[in-house]
J.: 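Structure below; questions to follow.
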Amino acid sequence: MVTPTDVGRLVRELAPQVLVAVVRRHGGFDACEDAVQEALLAAAVQWPRDGLPDNPKGWLITTASRRRIEMWRADSARLRREESLLALTPPPSDPAPAVDDSLTLLLLCCHPALTPPSQVALTLRAVGGLTTAEIARAFLVPEATVAQRISRAKGRIKAAGAEFRMPPPAEQPERIAAVLHVLYLIFNEGYTASSGSELGRVELTAEAIRLTRQLRALLPAHGEVAGLLALMLLTDARRAARTAPDGGLVPLAEQDRGAWDTGAIAEGTALISDALATAPIGPYQLQAAIAAVHDEAARAEDTDWPQILALYNHLQVLAPGPMVTLNRIVAVSEVHGPRAALEQLTAAAADPVLAGHHRLHAVRAHLLEAAGDRDAAAVEFRQAARGTLSAPEQRYLEAQAARLNRGGGSCR
């Protein structure tokens, strides 16, 4: 008998294909997406009870199409079309959407008229097949908030006159970059949750990796798609080792590297090695290369920090940002010492985005401790703890401050 977990996995894989087929047949992304969601919910209830149909995708397309017709009939403005709608027959049981259609769907969900939170929510629902409730639980926000984001997103797409077709070639690079950014945001929120009692949310990292694999299949020669997938795999490979039995955070230098996923590391390393050799270099490739250097070190002290600093120098030129700045300063400390890094951190703190960020205080605390100023480091650890909404991060930072006040040993 098929389990609800098996059904959930299957409908998420089929969701974008079903939506593509229904939109192609009936038009109107917003109404078709609602119809597909109802079909997915029906499958989640019926399939565990009755068993899988012979053709699950065809079942979903037929069910969604019928629901779309019912919605159309219910619209008073469509009454004149009632006679023609009655003559409609169910779509073929297993239409094969063109490869470009799946990419078109991703590009539509990441339309530039939408805000990043709306792009994330719409992508997870339309392409990922997650329900509104599942998205809300993953991001720890009320279901009504997610529903409102999705509703507004579909309204904005309609108002912008966006059609279900590939954008002109001149617009495609920017639109694909938006898709990559959305998948990156989903993964990051899953790997290090911005709030809540858990360090991460596996359902989000798994969904980001799955969707990026799909994008990789659609764009096999795109270096940044390969770079993003490699970055996710190389980072997620450490997941089992970054959480203590009590749920606490374990920093990279203290992790049991024997618990890292060697299969994911091998796949990610192969992906990034090929991308760097065959495609123009981009920010995701550079981040993946940095992750690969970390993962290749058998012990923390074996890490090739000069290579990491060189990669961050390149990344800072190609795609500067506050987190790139902070991470580069950590590498500076490892190569040139904490005093040099503290000087650069003082300059970086002039950036308003960084000035109030808890990670700036956390980095300063580590640098001050390395430089021998334990009292000042403890103050910074406490300041960082006050600035984060993540309970595991907060506990870790407070523990570091307490350790310094007790006169304990180094956290490294």
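A quick note: this is a predicted structure, and the numbers were derived from the prediction, not measured. Along the sequence shown, residues are numbered consecutively beginning with 1.
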J.: May I ask you to test the M323-H357 pair for a side-chain heavy-atom distance under 4.5 Å?
T.: yes
J.: Taking atom types as modelled and ignoring hydrogens, do the side chains of E393 and H358 form a donor-acceptor contact shorter than 3.5 angstrom?
T.: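 On atom types as modelled, these side chains qualify, holding a pair under 3.5 Å.
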J.: Can you tell me how far CG of D261 sits from CZ of R239, rounded to the nearest 0.5 angstrom?
T.: 8.5 Å
J.: Taking atom CD1 of I157 and atom CZ of R152, what is their separation to the nearest 0.5 Å?
T.: 14.5 Å
J.: For the residue pair R49 / Q46, report whether a side-chain donor-acceptor contact shorter than 3.5 Å exists.
T.: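 No, R49 and Q46 have no side-chain donor paired with an acceptor closer than 3.5 Å.
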J.: Verify, without hydrogens or angle tests, whether Q172 (side chain) and P167 (backbone) share a donor-acceptor contact under 3.5 angstrom.
T.: yes
J.: So do F187 and L204 actually touch side chain to side chain, heavy atoms under 4.5 Å?
T.: no
J.: How long is the gap from CG on L41 to OG1 on T63, to the nearest 0.5 Å?
T.: 12.0 Å
J.: So do E143 and R137 actually touch side chain to side chain, heavy atoms under 4.5 Å?
T.: no
J.: Taking atom CG of D54 as the centre, report whether more than 12 heavy atoms of other residues, nucleotides or ligands fall under 6.0 Å from it.
T.: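 It does not: D54 CG has 12 such atoms or fewer within range.
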J.: Check D34 with K154, please: is the shortest side-chain N to carboxylate O separation under 4.0 Å?
T.: yes
J.: Looking only at side-chain N and O atoms, does S118 offer a donor or acceptor that is under 3.5 Å from a partner on T115?
T.: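 Per modelled atom types, T115 and S118 side chains form a pair under 3.5 Å.
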J.: Minimum heavy-atom separation for G223 to A279, with atom names?
T.: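 Heavy atoms of G223 and A279 come nearest at CA-CB, 3.5 Å.
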J.: Could you go through the side chain to side chain contact (heavy atoms under 4.5 Å, CB included) check for L10 and L52 one step at a time?
T.: CA-CA 10 Å; L10 180 58; L52 288 179; 3.9 Å; yes
J.: Is the shortest heavy-atom distance from the side chain of L252 to the side chain of R257 under 4.5 Å?
T.: yes
J.: Any salt bridge between R12 and E134, counting N to O under 4.0 Å?
T.: yes
J.: Count the heavy atoms of every other residue, nucleotide or ligand shown that sit under 6.0 Å from CG of D246, and state whether that count exceeds 12.
T.: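 Buried by this count: over 12 neighbours within 6.0 Å.
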J.: To check you understand the geometry: which heavy-atom pair defines the closest contact between A300 and A253, and what is its length?
T.: CB-O, 3.6 Å
J.: Distance from I186 atom CD1 to L130 atom CG, nearest 0.5 Å?
T.: 9.0 Å
J.: Would you indicate whether the side-chain heavy atoms of R175 and C110 approach each other to under 4.5 Å?
T.: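 Answer no - side chains too far apart.
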J.: Okay, side chain of Q119, backbone of H111: is any donor-acceptor separation there less than 3.5 Å?
T.: yes
J.: Whether the side chain of T205 engages the backbone of V202 through a donor-acceptor N/O pair (distance < 3.5 Å, no angle test) should be reported.
T.: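 Here the side-chain-to-backbone pair exists.
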J.: Work out which heavy atom in A241 is nearest to a heavy atom in D256; give both atom names and the distance.
T.: CB-O, 3.6 Å
J.: Walk me through it: do L229 and L233 pass the test side chain to side chain contact (heavy atoms under 4.5 Å, CB included)?
T.: CA-CA 6 Å; L229 179 55; L233 291 170; 4.0 Å; yes
J.: First locate atom CZ of R165, then atom CG of L107, and finally report the distance between them rounded to the nearest 0.5 Å.
T.: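 It comes to 12.0 Å.
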J.: Regarding R242 and Y191, do their side chains bring together a donor and an acceptor under 3.5 Å, going by distance alone?
T.: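 Distance-only check passes for R242 and Y191.
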J.: Evaluate W305 against H336 for ring-ring contact (aromatic ring centres under 6.0 Å, His included), listing each step before the verdict.
T.: CA-CA 10 Å; W305 284 105; H336 300 298; over 10 Å; no
J.: Answer yes if the side chains of Q287 and Y312 hold a donor-acceptor pair under 3.5 Å, and no otherwise.
T.: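 There is no such pair (donor and acceptor under 3.5 Å, judged by atom type) between the side chains of Q287 and Y312.
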J.: One thing to verify: whether K158 and E163 come together as a salt bridge, which I'm taking to mean a side-chain N less than 4.0 angstrom from a carboxylate O.
T.: no
J.: Output yes when a side-chain donor or acceptor of T346 lies under 3.5 Å from a complementary backbone atom of L342, and no otherwise.
T.: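 Flag set: sc T346 to bb L342 pair under 3.5 Å.
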J.: Any salt bridge linking R299 with E301? Criterion: basic side-chain nitrogen under 4.0 Å from a carboxylate oxygen.
T.: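 Result for this pair is yes, salt bridge flagged.
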J.: Run the side chain to side chain contact (heavy atoms under 4.5 Å, CB included) test on V36 and L60 for me, step by step, so that the C-alpha distance in whole Å, both residues' side-chain angles and the decisive distance to 0.1 Å come before the verdict.
T.: CA-CA 8 Å; V36 169; L60 288 168; over 6 Å; no
J.: Is there side-chain contact between T145 and Q148, with heavy atoms separated by less than 4.5 Å?
T.: no
J.: Kindly indicate whether the side chain of H222, heavy atoms from C-beta on, has any atom under 4.5 Å from the side chain of L180.
T.: yes
J.: For A147, is there any backbone N or O sitting under 3.5 Å from a side-chain donor or acceptor partner on S151?
T.: no
J.: Do you know the tightest heavy-atom contact between S194 and L389?
T.: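 It is O-CB, 3.5 Å.
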J.: With a 4.5 Å cut-off on side-chain heavy atoms, are T325 and D351 touching?
T.: no
J.: Do S102 and Q214 get their side chains close enough for a donor-acceptor pair, meaning under 3.5 Å?
T.: no
J.: Does R125 offer a backbone N or O that forms a donor-acceptor pair with the side chain of Q37 under 3.5 Å?
T.: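 Pair found, side chain donor or acceptor close to backbone of R125.
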J.: Could you measure the distance from the CZ atom of R68 to the SG atom of C32? Nearest 0.5 Å is fine.
T.: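 It comes to 5.0 Å.
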J.: Minimum heavy-atom separation for T269 to A292, with atom names?
T.: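 So the two residues come closest at OG1-CB, 4.5 Å.
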J.: On a heavy-atom basis, which atom in A170 and which in P173 lie closest, and how many Å separate them?
T.: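 In this case the closest contact between A170 and P173 is O-CD, 3.8 Å.
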J.: Between T192 and S390, does a side chain to side chain contact (heavy atoms under 4.5 Å, CB included) hold up when you go through it step by step?
T.: CA-CA 9 Å; T192 303; S390 166; 5.8 Å; no
J.: Distance to the ring centre below 6.0 angstrom and angle to the axis at most 45 degrees; does that hold for R364 and F381?
T.: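 No, R364 does not lie over the aromatic ring of F381.
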J.: Test C109 against every option in L124, L19, L122, V182 by the side-chain contact (heavy atoms from CB on, under 4.5 Å) rule and name the one that passes.
T.: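 One option only clears the test, and that one is L122.
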J.: Test side-chain hydrogen bond (donor to acceptor under 3.5 Å, both in side chains) on R403 and Q400 and set out the steps.
T.: CA-CA 5 Å; R403 173 183 56 78; Q400 298 311 304; 2.8 Å; yes
J.: Heavy-atom count check: over 12 atoms from other residues, nucleotides or ligands less than 6.0 Å from E198 CD?
T.: no
J.: Do Q394 and R386 have side-chain N/O donor and acceptor atoms under 3.5 Å apart?
T.: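 Side chains of Q394 and R386: no pair found under 3.5 Å.
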J.: Could you tell me whether E398 and R395 make a salt bridge, using a distance below 4.0 angstrom between a side-chain N and a carboxylate O?
T.: no
